[in-house]
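Okay, so here's the structure we're looking at.
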Amino acid sequence: MNVKQKEMLQFVEQLVNIDSGSYTKKGIDEIGLILKAKFESLDFIVDIVEQRDYGNQLVIQHREAVEPHILVVAHMDTVFPEGTAQQRPFKVKGNRAFGPGVADMKASLVAIFYAIYCLKQTGQTGYKHVQIILNSDEEIGSPSSSSLITEKAAKKKYALVLEPARTDGSLVTARRGCGQFKVDIVGVAAHSGIEPEKGRSAVEELAHKIIALHQLNDRRSGISVNVGIIEGGSAVNAIASHAAGFVDVRISEKKQEAIILKQLKKICAKTYISGTKTTLTGKMDRSPMEKTEKTNMLLETIRQAGKEIGIDITDTSTGGGSDASFTADLGIPTVDGLGPIGGKAHSEEEYLEIPSLTERTLLLATVLEKLSKMN
């Protein structure tokens, strides 16, 4: 392990051992202050966008930057609850590092800092054309940061999102759009043994609707509908007066959004059990990130950068959502998965491929320098 990689890995360890689940504001803000000090040491200006309910967001750019045209986006939050870092802190085993959020995306935060550091140390000036957003709530759909990302992305020419690279090293050039909905049903309670005829089962109504919702799945078109959580009823011998289903929806093309919303409303408007009432709430949180000709042009620049440093760049699509959808939705060429390589995100087995930490940092630095000359 070279000296710089060891230094970087120590920084990853520091961040991993701080709990920063999306609702752990204290931990996210602690990480934000650490990163603020780091970037300020490189003569960058760090603006803290205060949040009440979530961690604070950071907007970072060099003090000599004038209308930077490259946006880099990464998140500081993880999916893990408070106390996880203490239960299973950072550890290294062979060429892999483990710990909550080690790949998604504590390693990426380190990679961004060292990419900028690399450019400064080598006398290049690409860092003056970059604006960085580090947000605090990506794992829960970016409720407080999506507007910030959209605002800052508006005049940018390129967007780079630092979700981890896929396990084979591939970057991400397409993502499905995603949304979450709740189907709420009110029925009529009654004793299931004495007078069941007086009841109207909300659970039975929900069962019909679940079957109808799952029939919307169309793998060929890239549409997924999943009722992942259900709840309802109060006793086994009572006709349920309430039931609810929580629905995850994924689409592959923006034009599918209006179609799927119409179908959801149609299913919820139909009554299978007379006397029940259904309410549908929710929305599509992220539009699909579709691969466009502009995406291909940006990808080609990244491929050239990879070639210069000996990395063969491949790309893929994924069903998961990320902040890349917000920039792509504005028509800005966007490539995601530019972070170090990792796998098994959101699980106790999440890992980082340690050799990729310096490799992908160098790739990011090279890409930033190339794009800085393409204003």
Are side-chain N/O atoms of Ser170 and Thr314 paired as donor and acceptor at under 3.5 Å?
-> yes

Gln10 and Gln14 side chains, donor-acceptor separation under 3.5 Å = no

Side-chain donor-acceptor contact under 3.5 Å, Ser287 with Ser325 = no

Full working for side-chain contact (heavy atoms from CB on, under 4.5 Å) between Glu163 and Asp323 = CA-CA 9 Å; Glu163 292 292 340; Asp323 290 327; 5.7 Å; no

Joint hydrophobic cluster, Leu15 plus Phe90, side-chain heavy atoms closer than 4.5 Å | yes

In this structure, are over 12 heavy atoms from other groups packed under 6.0 Å from Arg63 atom CZ?
-> yes

Near Glu195 CD, under 6.0 Å, is it more than 12 heavy atoms from other residues, nucleotides or ligands?
-> yes

Does the side chain of Lys106 pick up a donor-acceptor pair with the side chain of Thr78 at under 3.5 Å?
-> no

Per the side chain to side chain contact (heavy atoms under 4.5 Å, CB included) rule, which among Thr167, Ile341, Asn95 passes with Tyr351?
-> Thr167

Could you state the interatomic distance from CD (Gln256) to CD1 (Ile223), rounded to the nearest 0.5 Å?
-> 4.0 Å

Scan side-chain atoms only and decide if Ser322 and Asp336 contain a donor-acceptor pair under the 3.5 Å cut-off.
-> yes

Answer yes or no: does atom CG of Leu33 have more than 12 heavy-atom neighbours from other residues, nucleotides or ligands under 6.0 Å?
-> yes

Within a strict 4.5 Å, meaning less than it, do heavy atoms of the Glu40 and Ile45 side chains meet?
-> no

Ionic contact status for Asp315 with Lys291, cut-off 4.0 Å | yes

For residues Gln57 and Ser136, is any side-chain donor paired with an opposing acceptor at under 3.5 Å?
-> yes

Can we say Glu350 and Lys344 salt-bridge, meaning some charged N sits less than 4.0 Å from an Asp/Glu carboxylate O?
-> no

Look at atom CD of Gln86 and say whether more than 12 heavy atoms of other residues, nucleotides or ligands are closer to it than 6.0 Å.
-> no

Would you call Phe246 and Glu231 a side-chain contact if the rule is heavy atoms closer than 4.5 Å?
-> yes

The single option from Asp137, Asp53, Asn56 that satisfies side-chain hydrogen bond (donor to acceptor under 3.5 Å, both in side chains) with Lys25 is Asn56

4.5 Å side-chain heavy-atom contact, Tyr127 and Leu368 = no

May I ask you to decide whether Glu308 forms a salt bridge with Arg303, counting only side-chain N to carboxylate O separations under 4.0 Å?
-> no

Report whether Val73 and Ile332 are members of the same hydrophobic cluster (ILVMFWY, side-chain heavy atoms less than 4.5 Å apart, transitive linking).
-> no

Close side-chain approach of His129 to Leu371, heavy-atom, < 4.5 Å | no

Ser241 and Arg200 side chains, donor-acceptor separation under 3.5 Å | no

Is it true that Lys373 and Glu369 have a side-chain N and a carboxylate O under 4.0 angstrom from each other?
-> yes

Using only heavy-atom distances, determine whether the side chains of Thr295 and Thr292 contain a donor-acceptor pair under 3.5 Å.
-> yes

Consider only side-chain heavy atoms of I, L, V, M, F, W and Y, link residues closer than 4.5 Å, and tell whether Met105 and Leu171 are in one cluster.
-> yes

Please round to the nearest 0.5 Å and tell me the distance separating atom CD1 of Ile211 and atom CG of Leu206.
-> 10.0 Å

Which distance, rounded to the nearest 0.5 Å, do you find between the CG of Leu134 and the OG of Ser108?
-> 10.5 Å

With the side chain counted from C-beta on, respond yes when Ile28 and Tyr54 share a heavy-atom pair under 4.5 Å apart, and no when they do not.
-> no

Pairwise side-chain contact, His242 with Asp184, heavy-atom cut-off 4.5 Å (strictly under) | yes

Hey, is Glu290 close enough to Lys254 for a salt bridge, meaning N to O under 4.0 Å?
-> no

About how many Å separate OG of Ser41 and NZ of Lys120, when rounded to the nearest 0.5 Å?
-> 8.5 Å

Val186, Val203: one ILVMFWY side-chain cluster at the under-4.5 Å cut-off?
-> no

In terms of side-chain heavy atoms, does Arg175 have a donor or acceptor partner in Ser317 at a distance below 3.5 Å?
-> no

Side chains of Lys4 and Tyr114 in contact at under 4.5 Å (non-hydrogen atoms) = yes

Counting only heavy atoms not in Glu82, do more than 12 fall under 6.0 Å of its CD?
-> no

Hey, what do you get for NZ (Lys128) to OG (Ser372), rounding to the nearest 0.5 Å?
-> 11.0 Å

More than 12 heavy atoms of other residues, nucleotides or ligands under 6.0 Å from CG of Asp312: is that the case?
-> no

Calculate, to the nearest 0.5 Å, the distance between atoms CD and NZ belonging to Gln124 and Lys370 respectively.
-> 10.5 Å

Do the side chains of Gln131 and Ile70 get nearer than 4.5 Å, heavy atoms only?
-> no

Establish whether Tyr158 and Ile149 are linked, either directly or via other cluster members, by ILVMFWY side-chain heavy-atom contacts under 4.5 Å.
-> no

Report, as yes or no, whether the 6.0 Å neighbourhood of atom CD on Glu300 holds more than 12 heavy atoms from other residues, nucleotides or ligands.
-> yes

